[in-house]
Amino acid sequence: MPSASGTALVTGASSGIGATYARKLAARGYDLLLVARDEQRLSALAAELADAHGIEAKTLRADLSVAGDVQHVEERLRNDPSIALLVNNAGIGPRKSLLTEDVAYLDQMVAINVTAANRLAVSAAQAFAHRGKGAIVNVASAVALAPEIFNGTYSASKAFVLALTQSLAHELRDTPVKVQAILPGFTRTEIFDRVGGSFDAIDPARVMDVEDLVDAGLRGLDQGELLTLPSLEDTALLSQFHTARYALGPHLSNREPAPRYGVGA
Ligand SMILES: NC(=O)c1ccc[n+]([C@@H]2O[C@H](COP(=O)([O-])OP(=O)(O)OC[C@H]3O[C@@H](n4cnc5c(N)ncnc54)[C@H](OP(=O)(O)O)[C@@H]3O)[C@@H](O)[C@H]2O)c1
């Protein structure tokens with residue numbers, strides 16, 4: 001029997017944060033549609049979670065750097081009315097600094113972290129707004145707010161996800177559709193192993209356990225947070241950041257250049 005919660009479509013569900021969302025959502029009673037490239041890992045997880053929680057778990061193999069595969073996932077989001085939650089999580093991390101990186105790898109990062117994430121978030125937003133229900137969790141990163149400390153293309157890809165989420169939430173404000181961006185700091189997953197790195201060089205006090213990260217993300221979603229920074233204790237810092245951002249608002253687009261440029265009258 002279909003779940004009363006509906007189906008959660010989780011991208012990047014074969015490992016790390018995505019697999020952990022799948023586990024936690026199955027425990028909450030969601031049916032699952034698990035998306036990634038590694039069909040074997042997806043099928044094993046789907047079978048395990050269906051068995052453990054009595055839910056329906058299906059898989060959809062897709063390489064999200066390939067336009068045709070992204071389109072298949074979009075079609076599922078648009079055409080399957082049981083889908084009530086998108087966890088827009090698949091992504092790849094950086095290998096080295098921009099000054100030494102192969103630009104083709106950065107293109108691949110943009111294809112997955114930006115192009116695919118954008119298409120899936122927008123398709124879900126349109127479908128959910130039409131159906132009058134649904135939620136979107138976009139997995140950004142804390143480096144969206146601190147690009148100087150990390151690889152620039154990766155940080156920019158996550159700043160894209162952050163801005164997209166804020167703007168979508170504004171467009172969806174009069175609908176019941178919920179949108180959230182989660183901004184993890186370092187979280188112990190396979191992300192660095194996949195690019196020849198490791199978490200071993202990082203102070204363990206700065207690396208969150210993936211279970212804690214996803215539990216905090218889901219609590220943030222339950223609490224209606226638009227931005228969830230699981231590491232941030234003092235939320236006044238985030239409020240001050242937004243206050244400064246909003247204060248800039250009326251000064252961002254004027255006919256005259258500012259006097260310090262000495263242009264015009
Ligand atoms: N771990 C961190 O410290 C951290 C911090 C901030 C944000 N994040 C973000 O969290 C998200 C999940 O990363 P993770 O840390 O859980 O890393 P992970 O363990 O490496 O998982 C990445 C997932 O993305 C999938 N994926 C990668 N390339 C793909 C492609 N071309 N097509 C489809 N799926 C693809 C992988 O599956 P397949 O290989 O089976 O395709 C895997 O399921 C990413 O967006 C990442 O940027 C992570």
Side-chain angles (χ1 to χ4, degrees), residues 9-24 32-46 59-74 86-95 105 107-121 137-147 149-151 153-162 164-165 181-204 206-214 216-217 227-232:
L9 189 159
V10 183
T11 69
S14 61
S15 70
I17 295 171
T20 308
Y21 265 104
R23 289 181 187 286
K24 307 272 177 197
L32 295 171
L33 180 54
L34 306 179
V35 178
R37 292 167 302 177
D38 189 331
E39 176 62 42
Q40 252 186 338
R41 287 179 95 179
L42 290 182
S43 300
L45 183 61
T59 65
L60 175 57
R61 205 208 82 84
D63 181 340
L64 296 177
S65 66
V66 174
D69 284 14
V70 178
Q71 218 174 328
H72 285 146
V73 184
E74 284 176 63
L86 166 66
V87 181
N88 200 10
N89 161 77
I92 61 171
R95 305 187 298 192
Y105 180 75
D107 276 349
Q108 201 191 343
M109 181 186 283
V110 170
I112 301 165
N113 294 14
V114 175
T115 307
N118 182 59
R119 293 197 72 114
L120 299 184
V137 175
N138 287 325
V139 180
S141 165
V143 296
L145 299 175
I149 63 169
F150 211 61
N151 174 288
T153 302
Y154 180 81
S155 304
S157 77
K158 296 304 181 177
F160 179 97
V161 173
L162 173 60
L164 177 73
T165 308
I182 178 166
L183 283 71
F186 289 126
T187 308
R188 204 171 298 282
T189 67
E190 296 176 18
I191 193 163
F192 288 152
D193 305 328
R194 289 171 185 266
V195 289
S198 114
F199 280 100
D200 294 347
I202 301 165
D203 175 0
R206 297 182 58 214
V207 182
M208 194 173 284
D209 182 84
V210 69
E211 298 273 328
D212 291 343
L213 185 272
V214 174
L227 305 188
T228 295
L229 282 102
S231 299
L232 180 70

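Every number for a ligand or one of its atoms is a count from 1 in the order of the listing. Bear in mind the structure is a predicted one, so any value in this text is a computation, not a measurement. Numbering of residues begins at 1 and proceeds along the displayed sequence.
Heavy-atom minimum distance, N88 versus A121: ND2-CB, 3.6 Å. V210 and T187 get closest at one heavy-atom pair: CA-CG2, 3.7 Å. Residues T189 and D193 share a closest heavy-atom pair of O-OD2, 3.9 Å. Nearest heavy atoms, L162 versus A144: CD2-CB, 4.1 Å. Of all heavy-atom pairs between S65 and I112, the closest is CB-CG1, 3.8 Å.
For a threshold of 3.5 Å applied to N or O pairs, the pair formed by Y154 and ligand 1 contains at least one separation below that value. The N/O atoms of G12, backbone and side chain alike, include one that comes under 3.5 Å of an N/O atom in ligand 1. Of the N or O atoms in I17, one or more lie within a sub-3.5 Å distance of an N or O in ligand 1. Here's the thing with L64: one of its N/O atoms is less than 3.5 angstrom from an N/O atom of ligand 1. Looking at ligand 1, you won't find any N or O of S141 less than 3.5 Å from one of its N or O atoms.
Below 4.0 Å from some heavy atom of A140 lie the following atoms of ligand 1, by number and element: 6 (C), 7 (C). Close contacts of ligand 1 with A90, meaning ligand atoms under 4.0 Å from a residue heavy atom, involve 24 (O), 34 (N), 45 (O). Under a 4.0 Å criterion applied to the non-hydrogen atoms of D38, ligand 1 contributes the atoms 40 (O). Of all atoms in ligand 1, listed by their number and element, those nearer than 4.0 Å to a heavy atom of N89 are 10 (O), 11 (C), 12 (C), 44 (C), 45 (O). With ligand atoms numbered from 1 in the order given, ligand 1 contributes 27 (C), 28 (N) to contacts under 4.0 Å with heavy atoms of I92. The G16 neighbourhood of ligand 1 comprises atoms 16 (O), 19 (O), with distances under 4.0 Å to a heavy atom of that residue. Proximity to A62 (heavy-atom distance under 4.0 Å) selects the following atoms of ligand 1: 32 (N), 33 (C). The F186 neighbourhood of ligand 1 comprises atoms 3 (O), with distances under 4.0 Å to a heavy atom of that residue.
Residue G185 places a heavy atom under 4.0 Å from ligand 1. No heavy atom of A111 sits closer than 4.0 Å to any atom of ligand 1. Not a single heavy atom of R188 sits less than 4.0 Å from an atom of ligand 1. Using a 4.0 Å heavy-atom cutoff, G93 is absent from the residues neighbouring ligand 1.
Screening T115, V73, N113 for a side-chain contact (heavy atoms from CB on, under 4.5 Å) with L64, the sole residue that qualifies is V73. Among I182, T228, V214, the one residue that satisfies the side-chain contact (heavy atoms from CB on, under 4.5 Å) test with V137 is I182.
Ring pair F192/F150 is tilted by interplanar angle, where 30° to 60° counts as tilted.
Comparing heavy-atom distances from atom 21 (O) of ligand 1 across S15, A116, A13 singles out S15 as nearest. Taking only non-hydrogen atoms, the option from V143, I202, V139 nearest to atom 9 (C) of ligand 1 is V139.
For the residue pair S231 and R206, no side-chain donor N or O sits within less than 3.5 Å of a side-chain acceptor on the partner. For T165 and N138, the side-chain atoms include at least one donor-acceptor pair closer than 3.5 Å. Side chain to side chain, D38 and S14 fail the donor-acceptor criterion of an N or O pair below 3.5 Å.
Annotation: side chain of Y105 is in contact with side chain of R95 (closest heavy-atom distance under 4.5 Å). With a 4.5 Å cut-off on side-chain heavy atoms, V10 and V35 do not count as touching. Proximity of V87 to L9: side-chain heavy atoms (C-beta onward) are nowhere separated by under 4.5 Å.
Looking at atom 20 (O) of ligand 1, its nearest protein heavy atom turns out to be R194 NE, 2.6 Å. Among all protein heavy atoms, the one lying closest to atom 1 (N) of ligand 1 is T187 O, 2.9 Å. Protein heavy atom closest to atom 15 (O) of ligand 1, with residue, atom name and distance, is T189 OG1, 2.6 Å. Of all protein heavy atoms, the one lying nearest to atom 22 (C) of ligand 1 is G91 O, 3.8 Å. The protein heavy atom nearest to atom 28 (N) of ligand 1 is R37 NH2, 3.4 Å. The protein heavy-atom contact nearest to atom 6 (C) of ligand 1 is P184 O, 3.5 Å. In terms of protein heavy-atom proximity, atom 31 (N) of ligand 1 is nearest to D63 OD1, 2.9 Å. Looking only at protein heavy atoms, the nearest one to atom 37 (O) of ligand 1 is S14 OG, 2.8 Å.
Using a 4.0 Å cut-off between charged nitrogen and carboxylate oxygen, K24 and E211 count as a salt-bridge pair. Ion pair E74/R119 flagged as a salt bridge, since at least one NZ, NE, NH1 or NH2 atom sits closer than 4.0 Å to an Asp/Glu carboxylate oxygen.
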